[in-house]
Every structure is written in structure tokens, then in C-alpha cells.
Peer 1: 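The structure that follows is given in the form of C-alpha cells.
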Amino acid sequence: MAELNAADRPTLEKSMSPLAIWALAFGAIIGWGAFVMPGLRFLPGSGPMGAVIGFFVGGIMLMFVALAYGRLVGAFPIAGGVFAFAYAAFGPTLSFICGWALVLGYLSIIALNATAIVLLTRFLLPGLFEFGHLYTIVDWHIYAGELVMLEAVLVLFWFLNYRGADIVGKIQVALAVILAAGVILIMAGAVIHPTSSLTNLEPWFAPDKTPLACIIAVTAIAPWLFVGFDTIPQAAEEFNFKPSMSTILMILSIVCGILTYAAITIAVAVVVPWEPLIRDFTIFWHTGHVVNMTLGTPGSIILGLAVLSAILTGINGFYIACSRLLFSMGRSRILPIWFAQLHPRYKTPCNALNFILVLVLVAPFFGREVLSWVVDMSSIGTIIGYFFASLASYKLATECVQFQSGTVRPLAVLGCISSLICLGLLVIPFSPASIGIPSWVVLGIWVALGFVVYYMRLAAVKSIPEKERAFLILGDNELFHVFLRRMGIRDHIL
């Protein structure tokens, strides 16, 4: 085998600031659901207090994962996140499973965020894009006008990501600031409105459930609510700051997510008694209705900008995360090397971005309901990623001097437990968050496709010496040398 050389390993440019990385995660966490779910799920299923406690409990559980994850990223800032760490700890097969699970999750969230723009335009600009009816799928009407609009947005963010991480980082910061400012104004408008009262929040919990069941109903979907903090590890190779800051940035993004979910839910519930509000079936969008009550027409504009920013930060954030994950999998040769191609001028993973664009452009043709099945199913993949990140942290803490600390293994154990609890709540029948039969069908299809892809790549995977693949994934660091020693491979490298 030829000697390994750093010049043979494509690397991403270090162009992402701490503020851009925080905006990446916060924008990915807060999407359309934060503004739609209070009237559809949070208040009806949990009540104001049950929902808020559920946000905090679910967020804290995922903080344990973030703490374990963050220690790994701080020591070894490698593109690919849990895919790279799972490889270092468990080898190529399990790392492929992690990467494959996360790829679908990221892709589906891009597509679902795009279709959320339709919900926004149908509320704020009814009829403007609803022309050229094509067909209906699972009660969702597909219009040519809306499809053109969605495709244009997806192409725009593909183009921006294609041109470089620096520009999309600045756009992400601007959108995140608009989102945060909008949420603050919405909450302020609700609190100072003359009809606002703590008595409007009664009953504190959904009346047909126990308080514990109300809290669990929200805690169970925490992986869906807070998915996005894990976009930070995907971009670790592009940090232009100390990687150790990644833990703080992940925790901060989760805290901001908790406060945002809680603020919007309370804003919807505090202005008028929440039970009659959510029972009023003439109201299309409860958050929009309440904001219009408290802030009038300017409030609708503020809400529209906040929701649009939440949607666009999600699209942008998961473009970044998914392309970096595909880049890392291609660089390792576990996926074709085509995915690791960098643009000669912009130094972005151009082929990975092209692949994402093709898939997300097709997705809106299936309708929003079908995409929601995919997102529900992909939550399982996200949790698998969280579990393996925590498990890899536990294993590598015993082998890497650079990573050893008295708190790493306890945090990793708590991360594993939190992940398993969230997984159980999704897969156990009769759980408040158990996925439906359509989502199980989609999961089966994706797993089968994964087997086919890995089988087709198996010959290529075996043709590359493990030392070479480890170097391509991990680079020349302690993690690389620890992996080689565990495999009994001579670890000299140029």
C-alpha cells in the first residue's frame, strides 16, 4: 500500500464562526412546528404546564447526548459527526448504519420545511399560489403554482450552499436573529395584551389525562423537537474557533429551543382561555389568530417573518449538515468517492449538494402528509445516531488520552439512557409518540434500501485497506492512531 499523505485527504475550509454555528443549530431546531404545534398538539395533548415541563424534560435529556457528543467534537473536529465517531469506535458497518439513518432524517426535514412554506402562504396570502391544481394525495392538494415556488426556494438555498459556507453562515445568522426577535415580540404582545391572565392557562394540564401523561406526550417527541443541535458536529471541520466551544454552542442551542417552544405555547394560551380557543374549529391557525388579536396587522407581518425565517433556517441548516455527512461518507469510500468531490473554487461538497437537490426537488410532489410519515420514521434514525454518539463517547474515553476525563463516561451513560428512553417512546405501541403504520412501512423500505446500497458497496469497501479508510475519515490525530492500534495495524503516517 502506498504511504498515506495529508494531501490525499480532501478537507473543508475553516470558515464558520461561533455565531454562525449557533445559528445553524438554533435555526435547525426551530422550524414551522414551533408555530403550528401549540394549537394542534401541545395544548390539546398536554395543556400549557404539561407542554412546558415536557419541553424542559426532553431538552435536558438531549443535553446529556450533547455533552457526550460535544466532548468528542471538541477533541476531534471531523466532518461527518457521529458517522466518523461510530467508525472510530465500531468500524465501517455500524458507521454506515448511523450515517444512512441520519441522511434520510436530514433530507426529509429539508423537504418538510419547504412544504411548510405552503402552509404559511395559504394563511397569509390565500389563493396567491393555489393555481393549476394537479392532483390530490392523502387529502393534500398539489398546485403547480406552489410547486414552482417551493422548487425555486430549494434551488436558491442549493445555490447559496454551493457558493460557500461563509455566505450561508451569514445568511443563517441573519435569519436566526429575525426568528428570535419575532418570538420575543410575539411573547411581549401576548403578555401585555389587556385580556392576558394566568387564569387563561387553566387547566394547567390537559383535563382528560394525568399530569405525568401530559408531560410524557411532549417529552416523547423531544428528538423531533430538538433535532438540529447535531448539525454542529457535521460542520466541525469548518470551525474557525476552538472546537471545545462546540459543547457550549450545542447546549445553548437546546436552551434557546426550549425557551422558544415554551414562549410560543404560552403566548397562544395566555391571551384567552386556551380550551375554548383550541376547540374553535373555525380557526385555521391558532398562533396566527392570537397574534392577530394582540398585535393586529403588524403582528401578522412579524409572525410571517418569524415563521419564514424558521423554515428557511431549517432548510439551510440541514443542507449544510446533510452535505457534510455525505461528504464524509464519500471521503471514506463507504459511499462512492463522487460524494467527496469539492468545488475547485468554492471548496464546498458540490456533488453531495447536487445529490440533495435532486432528491428534495422530487419530494414536494408527494405531498405534505406523505413527507410527515417519513419525518416520523426518520426520528428513529436520529435517535440511533444520538445513541451511537453517546456509546462511542463511552468507548473512546477508555482509549484516547486526549479524551479522558472523569465526567465523560457518566455523561455518555446518561446520553445512552436518554436515547433509549426516546427510542422506546417511539416504537412501543400505545406510547403517546408511537409512529404509525405508514411510517413503519417507510422505515422498512429505507432499511431494505440501505442493505442494498451497502451490499453493492461491500466490494469497494473491502478493496480499501482499513488504514487508508481510517485516515480518510479521521485524519492524522490520536483517534486515528488509537483505531489502528486496536486493529493491530502499524500506525506510521506521513
Side-chain angles (χ1 to χ4, degrees), residues 26 29-59 116 119-120 123-124 176-211 213-215 217-219 221 225-226 254-311:
F26 174 63
I29 288 173
I30 302 300
W32 62 273
F35 298 89
V36 175
M37 297 291 275
L40 294 181
R41 183 160 185 173
F42 298 154
L43 292 174
S46 300
M49 186 59 67
V52 170
I53 295 175
F55 298 143
F56 276 88
V57 173
L119 295 176
L120 184 63
F123 177 78
L124 295 178
V177 169
I178 294 171
L179 168 59
V183 172
I184 291 171
L185 290 173
I186 290 168
M187 184 63 183
V191 169
I192 66 175
H193 193 264
T195 64
S196 293
S197 171
L198 290 177
T199 58
N200 291 332
L201 299 176
E202 297 175 356
W204 298 101
F205 299 91
D208 56 338
K209 297 180 179 178
T210 66
C214 292
I215 294 169
V218 170
T219 302
I221 60 172
L225 296 177
F226 297 102
I254 293 174
V255 169
C256 291
I258 292 171
L259 296 177
T260 299
Y261 281 117
I264 298 171
T265 301
I266 293 299
V268 173
V270 76
V271 177
V272 295
W274 68 268
E275 277 197 292
L277 175 70
I278 63 172
R279 291 199 189 110
D280 188 343
F281 296 108
T282 64
I283 298 175
F284 174 68
W285 183 17
H286 299 89
T287 308
H289 176 78
V290 169
V291 171
N292 190 56
M293 284 179 57
T294 58
L295 298 174
T297 301
S300 295
I301 296 172
I302 292 169
L303 177 61
L305 289 173
V307 177
L308 184 60
S309 296
I311 293 169

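These figures come from a predicted structure and were not determined experimentally. Any value given below was found using the heavy atoms of this structure, including those in side chains, with hydrogens, waters and symmetry copies removed.
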Peer 1: Could you give the distance from CD1 (I266) to CG (L259), rounded to the nearest 0.5 Å?
Peer 2: 12.0 Å
Peer 1: Let me confirm one number: the CD1-CG distance from I278 to L43, rounded to the nearest 0.5 Å.
Peer 2: 6.0 Å
Peer 1: Could you give the distance from CG (L303) to CG (L308), rounded to the nearest 0.5 Å?
Peer 2: 11.0 Å
Peer 1: Once you round to the nearest 0.5 Å, how far does CE of M187 lie from CD1 of I264?
Peer 2: 10.0 Å
Peer 1: Quick one: closest heavy-atom pair of G39 and P44, and the distance?
Peer 2: O-CG, 3.3 Å
Peer 1: How close do G304 and L124 get, heavy atom to heavy atom, and via which atoms?
Peer 2: CA-CD1, 3.5 Å
Peer 1: What I'd like to find out is whether the side chain of T210 reaches to under 4.5 Å of the side chain of F205, using heavy atoms alone.
Peer 2: no
Peer 1: Can you tell if the side chain of I30 reaches within under 4.5 Å of the side chain of Y261, non-hydrogen atoms only?
Peer 2: yes
Peer 1: What distance separates N292 CG from W285 CH2, expressed to the nearest 0.5 Å?
Peer 2: 11.0 Å
Peer 1: Quick one: does any side-chain atom of T287 pair with a main-chain N or O of F35 as donor and acceptor, under 3.5 Å?
Peer 2: yes
Peer 1: What closest approach, in Å, do A190 and T294 show between heavy atoms, and which atom pair accounts for it?
Peer 2: CA-CG2, 4.0 Å
Peer 1: Using side-chain heavy atoms (C-beta onward) and a distance below 4.5 Å, is V272 in contact with M293?
Peer 2: yes
Peer 1: Minimum heavy-atom separation for T265 and A51, please, with both atom names.
Peer 2: CG2-CB, 4.2 Å
Peer 1: Using 0.5 Å steps for rounding, measure from the CG atom of L295 to the CD1 atom of I186.
Peer 2: 7.5 Å
Peer 1: Would you check if H286 and P38 make a side-chain contact, meaning some heavy-atom pair closer than 4.5 Å?
Peer 2: no
Peer 1: Just by distance, do the side chain of W204 and the backbone of P211 share a donor-acceptor pair under 3.5 Å?
Peer 2: no
Peer 1: Please check if the side chain of K209 supplies one atom and the backbone of S46 the other of a donor-acceptor pair under 3.5 Å.
Peer 2: no
Peer 1: Check whether N200 reaches the backbone of T195 with its side chain - one donor and one acceptor, N or O, closer than 3.5 Å.
Peer 2: yes
Peer 1: Does the side chain to side chain contact (heavy atoms under 4.5 Å, CB included) test come out yes or no for H289 and L277, once each step is laid out?
Peer 2: CA-CA 10 Å; H289 176 78; L277 175 70; 3.8 Å; yes
Peer 1: Is the side chain of W274 donor-acceptor paired with the backbone N or O of L201 at a distance under 3.5 Å, no angle test?
Peer 2: yes
Peer 1: Determine, stepwise, if the pair V290 / H193 fulfils side chain to side chain contact (heavy atoms under 4.5 Å, CB included).
Peer 2: CA-CA 10 Å; V290 169; H193 193 264; over 6 Å; no
Peer 1: Identify the heavy atoms of V183 and A263 that sit nearest to each other, and give their distance.
Peer 2: CG1-CB, 4.1 Å
Peer 1: So, the side chain of T260 versus the backbone of C256: is there a donor-acceptor pair under 3.5 Å, distance only?
Peer 2: yes
Peer 1: In the structure I gave you, are the side-chain heavy atoms of E275 and P207 within less than 4.5 Å of one another anywhere?
Peer 2: yes
Peer 1: Counting C-beta onward and ignoring hydrogens, is there a side-chain heavy-atom pair between L225 and V218 closer than 4.5 Å?
Peer 2: yes
Peer 1: For a quick test of reading the model, state the closest non-hydrogen atom pair linking A269 to P48 and the distance between them.
Peer 2: CB-CG, 4.1 Å
Peer 1: Would you say that S300 contacts V291 through its side chain, given a criterion of any heavy-atom pair below 4.5 Å between the two side chains?
Peer 2: no
Peer 1: Kindly determine whether F226 and I258 satisfy side chain to side chain contact (heavy atoms under 4.5 Å, CB included), including the steps that lead there.
Peer 2: CA-CA 8 Å; F226 297 102; I258 292 171; 3.6 Å; yes
Peer 1: Stepwise, does the side chain to side chain contact (heavy atoms under 4.5 Å, CB included) test hold for T219 with F55?
Peer 2: CA-CA 6 Å; T219 302; F55 298 143; over 6 Å; no
